[in-house]
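Note that ligands are numbered from 1 as they come in the structure, with each ligand's atoms numbered from 1 the same way. For the numbers below, each heavy atom of this structure counts, side chains included, while hydrogens, waters and symmetry mates do not. Quick note: residue numbers are just sequence positions, from 1.
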Amino acid sequence: MRAMVLHKGAHRLQFEQVDSPRPDAGQLRLKIEACGVCRTDLHIIDGDLTHPSLPLIPGHEIVGTVAQIGEAAGGFALGQRVGVPWLGHTCGTCRYCVNNRENLCDDPGFTGYTLNGGYAEECVADARYVFALDGHDDPAALAPLLCAGLIGFRSLRLAGDAQRLGFYGFGAAAHILAQIAVWQGREIYAFTRPGDTAAQAFARETGAVWAGGSDETSPVLLDAALIFAPVGALVPKALKDLVKGGRVVCGGIHMSDIPSFAYDDLWHERQILSVANLTREDGETFFPLARRAGVRTQITPYRLERANEALDDLRQGRLQGAAVLLPSQNA
Ligand SMILES: [Zn+2]
Ligand SMILES: [Zn+2]
């Protein structure tokens, strides 16, 4: 099959022919229809996340159909549309797994990081971490839901019942979460790179009541701030935008260092927390909710062999919404 592969010491992906994977017990083999490009893929390729299993096929926003069912991998039918997220495996026995906190598992497997992912024509996946998806939707439009949507949704959950929400960074995750939050009757305040008027217009079109630069003070005090940009300096900035008791939720897996700030900014029970991975329960709640809320993703499609170009466009901030690779489109 055709695949984009990351090799040791390389910072670009290589387009290659590799053997098709075979499903072990408990796994499914999928024919991949679409795979989203997530900022975490950049952090893996750039070496910010330091433990990839190399050589590696990246990609953890996989939409495909079931092509083969491994021994004891129940619950799915051949040809069924499914999705594979970032969390691809857990041990099932550590203290976190047995206490419904499998997102914090001590011995996890991550799709497109420690397990081969979706920048390819096929993949295998642990059937326990595969979600059933609607067979009628456009697979490319579904792909960003698998991480930007799903882990973004976990961030939104951690914001509690906050009515006035700040989104810092308005890319793939924010554009999905804004639609859900507006559908839930909340107000979104969007903070983009200073001067990025296109992103601010995109945020307003997606339902934000206000959009401006991340260097601007929020026009109202916020109940919670969700930080999607990997910029640690936004944390103390967002704290200053919060009501007493408000919460800053850091939604990314990697962030630059957080500068020091005055204890006064944290005072009055303000909180800062990070979001790690996802649970299956997040997925079982999120996918039906996204459907009810009528979430529409904005995507830019790329053929598989153009993955490096998609990654560059993400890195340079040239995308509005999400980049998606289409492995089934031939060169
Ligand atoms: Zn575990
Ligand atoms: Zn991701």
- Can you label the angle between the Phe287 ring and the Phe131 ring as parallel, tilted or perpendicular, going by 30° and 60°? tilted

- Can you list the steps and then say if Thr300 with Asp313 is a side-chain contact (heavy atoms from CB on, under 4.5 Å)? CA-CA 10 Å; Thr300 304; Asp313 288 345; over 6 Å; no

- Item | Distance below 2.8 Å from the Zn ion (ligand 1): protein N/O/S atoms | Cys91 SG, Cys94 SG, Cys97 SG, Cys105 SG

- Approximate separation, where rounding is to 0.5 Å, of Glu269 CD and Leu242 CG: 13.5 Å

- Task: With rounding to the nearest 0.5 Å, note down the distance linking CG in Asp41 to CH2 in Trp86.
- Result: 8.0 Å

- Query: Can Asp312 and Arg306 be counted as an ion pair, charged N to O under 4.0 angstrom?
  - Reply: no

- Task: Go through Arg128 and Glu102 one step at a time and tell me if the salt bridge (Lys or Arg N to Asp or Glu O under 4.0 Å) criterion holds.
- Result: CA-CA 12 Å; Arg128 297 175 307 151; Glu102 63 185 2; over 6 Å; no

